[in-house]
There are 2 protein chains.
Amino acid sequence: MTSSSTSGAPRSPDGDRGDLFDPGCPTRRLLDRIGTKWTSMAVKVLAEASPEEVRFAELQRSMTGISQKMLSATLQGLARDGLVGRRVEATVPPRVYYRLTPLGLTLEEPLAALREWAEAHMAEVDRANRRDEAS
Amino acid sequence: MTSSSTSGAPRSPDGDRGDLFDPGCPTRRLLDRIGTKWTSMAVKVLAEASPEEVRFAELQRSMTGISQKMLSATLQGLARDGLVGRRVEATVPPRVYYRLTPLGLTLEEPLAALREWAEAHMAEVDRANRRDEAS
DNA sequence: CCGAATCCATCAGGATACTG
DNA sequence: CAGTATCCTGATGGATTCGG
């Protein structure tokens, strides 16, 4: 098993060790997903395009620096989570369109709040870092 | 106010290639921090205690499963970012108190929004995952 | 009591090449 | 055009131990 999925589903079909950790925190599990390198950016791009669909190559262009592998993995993860939907156009060459599901759209709200905080305060965070580096 | 400042590119490995990647996205950098395993939980615990201070061992007890190393690293990171403050009581044995700074407190708002989304919708996400596993 | 240091397992994620 | 497969690296983070 090379990869047991990025968003590790509880792969303990039976009693692993019980409850060593506290997996009952949905926030942690959410952050495990949107906290990955490209996921939140994909949601943002798709949200901005919504309700229009976006093609694979178009997404790759919007997300500078992402590889096919990571884009594919990111979209797969979001699709598995029911946050984005796929539509394949059976042409030659084939075209695949992505869009946020209604559930994915609701995620955009708190994500936008986080973005606003980042744009408002990350400069101050950076300043704090500089101050600390001086020591 | 993003006084834009000198817009210091955080990590230019060596030669600045212009804009191959987009390091100007503060959201990514924010998620790189709060997306780590324990950071958001620490902020939550500290926010709930605010304006009271919390001791190291107390934090460790609240965050089930965390090691000293990770708690220390998490708090250091938050302190460097100016989100939490430390107060050392020079007793024997020494006691160290942590609390959110005003800046850290402002982060609690969007973080709480994310938490609400998680509690409201993660069950649906899980259901989507099950449905996908069936294939 | 606090946390720094070491060792070690795992994994995200980048580069590349190949299929349909 | 869209997606998969393989290889490889550095960062994440857990357990443990030492120091102040």
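Order of the sequence lines sets the chain letters (A, B, ...), proteins ahead of strands, with each chain counted from 1.
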Novice: Closest approach to the side chain of Pro93(A), judged atom by atom: which nucleotide of dT16(D), dG3(D), dC1(D) is it?
Specialist: dC1(D)

Novice: Taking only N and O in the side chain of Tyr97(A), is any of them less than 4.0 Å away from OP1 or OP2 of dC1(D)?
Specialist: no

Novice: Please step through salt bridge (charged side-chain N to carboxylate O under 4.0 Å, His left out) for the pair Glu52(B) and Arg99(B), ending with a clear verdict.
Specialist: CA-CA 7 Å; Glu52(B) 297 296 320; Arg99(B) 67 190 295 188; over 6 Å; no

Novice: Can you tell which of dT6(D), dC2(C), dA2(D) lies closest to the side chain of Val96(B)?
Specialist: dC2(C)

Novice: What is the distance, rounded to the nearest whole Å, between atom CE of Met63(B) and atom P of dG3(C)?
Specialist: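 So the CE-P distance, Met63(B) to dG3(C), works out to 13 Å.
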
Novice: Is there a side-chain polar atom (N or O) of Thr36(A) under 4.0 Å from OP1 or OP2 of dA12(C)?
Specialist: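 For dA12(C), OP1/OP2 do not have a side-chain N/O of Thr36(A) under 4.0 Å.
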
Novice: Atom CG of Leu71(B) and atom P of dG14(D): how far apart are they, to the nearest Å?
Specialist: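 In whole Å, dG14(D) P lies 11 Å from Leu71(B) CG.
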
Novice: Report yes if some heavy atom in the side chain of Arg95(A) is under 4.5 Å from a heavy atom in the side chain of Val88(A); otherwise report no.
Specialist: no

Novice: Give a yes or no on whether Glu109(A) atom CD has more than 12 heavy-atom contacts from other residues, nucleotides or ligands under 6.0 Å away.
Specialist: no

Novice: Taking atom OG of Ser40(B) and atom CD of Glu108(B), what is their separation to the nearest 0.5 Å?
Specialist: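 Here the rounded value is 10.0 Å.
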
Novice: Closest nucleotide of DNA chain C for Lys69(B) versus for Glu58(B): which of these residues is on the 5' side?
Specialist: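 Its nucleotide being nearer the 5' end, the pick is Glu58(B).
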
Novice: Please tell me which of Arg61(A) and Gly35(B) maps to the more 5' nucleotide of DNA chain D, matching each residue to the nucleotide holding its nearest heavy atom.
Specialist: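 Nearest nucleotide further toward 5': that of Arg61(A).
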
Novice: How do Asp32(B) and Leu75(A) order along DNA chain D: which one's closest nucleotide is nearer the 5' end?
Specialist: Leu75(A)

Novice: Does a nitrogen or oxygen in the side chain of Arg95(A) sit under 4.0 Å from OP1 or OP2 of dA2(D)?
Specialist: no

Novice: Atom NZ of Lys37(B) to atom P of dA12(C): distance rounded to whole Å?
Specialist: 11 Å

Novice: Nearest-Å distance, CE (Met70(B)) to P (dA11(D))?
Specialist: 15 Å

Novice: Apply salt bridge (charged side-chain N to carboxylate O under 4.0 Å, His left out) to the pair Asp32(A) and Lys37(B), showing each step before the final yes or no.
Specialist: CA-CA 8 Å; Asp32(A) 280 347; Lys37(B) 189 156 194 171; over 6 Å; no

Novice: Tell me: CZ of Arg55(B) to P of dG3(C), nearest whole Å?
Specialist: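 Rounded to the whole Å, the gap is 11 Å.
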
Novice: What is the distance from CZ of Arg87(A) to P of dA2(D), rounded to the nearest Å?
Specialist: 12 Å

Novice: Does dA15(C) have its OP1 or OP2 closer than 4.0 Å to a side-chain nitrogen or oxygen of Ser67(A)?
Specialist: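 No, no such contact exists.
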
Novice: Compare side-chain N and O positions of Gln76(A) against OP1 and OP2 of dT4(D) and report whether any pair is under 4.0 Å apart.
Specialist: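 So the side-chain polar atoms of Gln76(A) do come within 4.0 Å of the phosphate oxygens OP1 or OP2 of dT4(D), strictly under.
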
Novice: Within this structure, what is the CD-to-C1' distance between Glu89(A) and dC1(D), rounded to whole angstrom?
Specialist: 12 Å

Novice: Side chain of Trp38(A), heavy atoms from C-beta onward: which of dT4(D), dG3(C), dG14(C) has the nearest atom to it?
Specialist: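 The nucleotide sitting nearest to the side chain is dG14(C).
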
Novice: Send over the distance from Ile66(A) CD1 to dA15(C) C1', rounded to a whole Å.
Specialist: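 Atom-to-atom, Ile66(A) to dA15(C), this comes out as 14 Å.
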
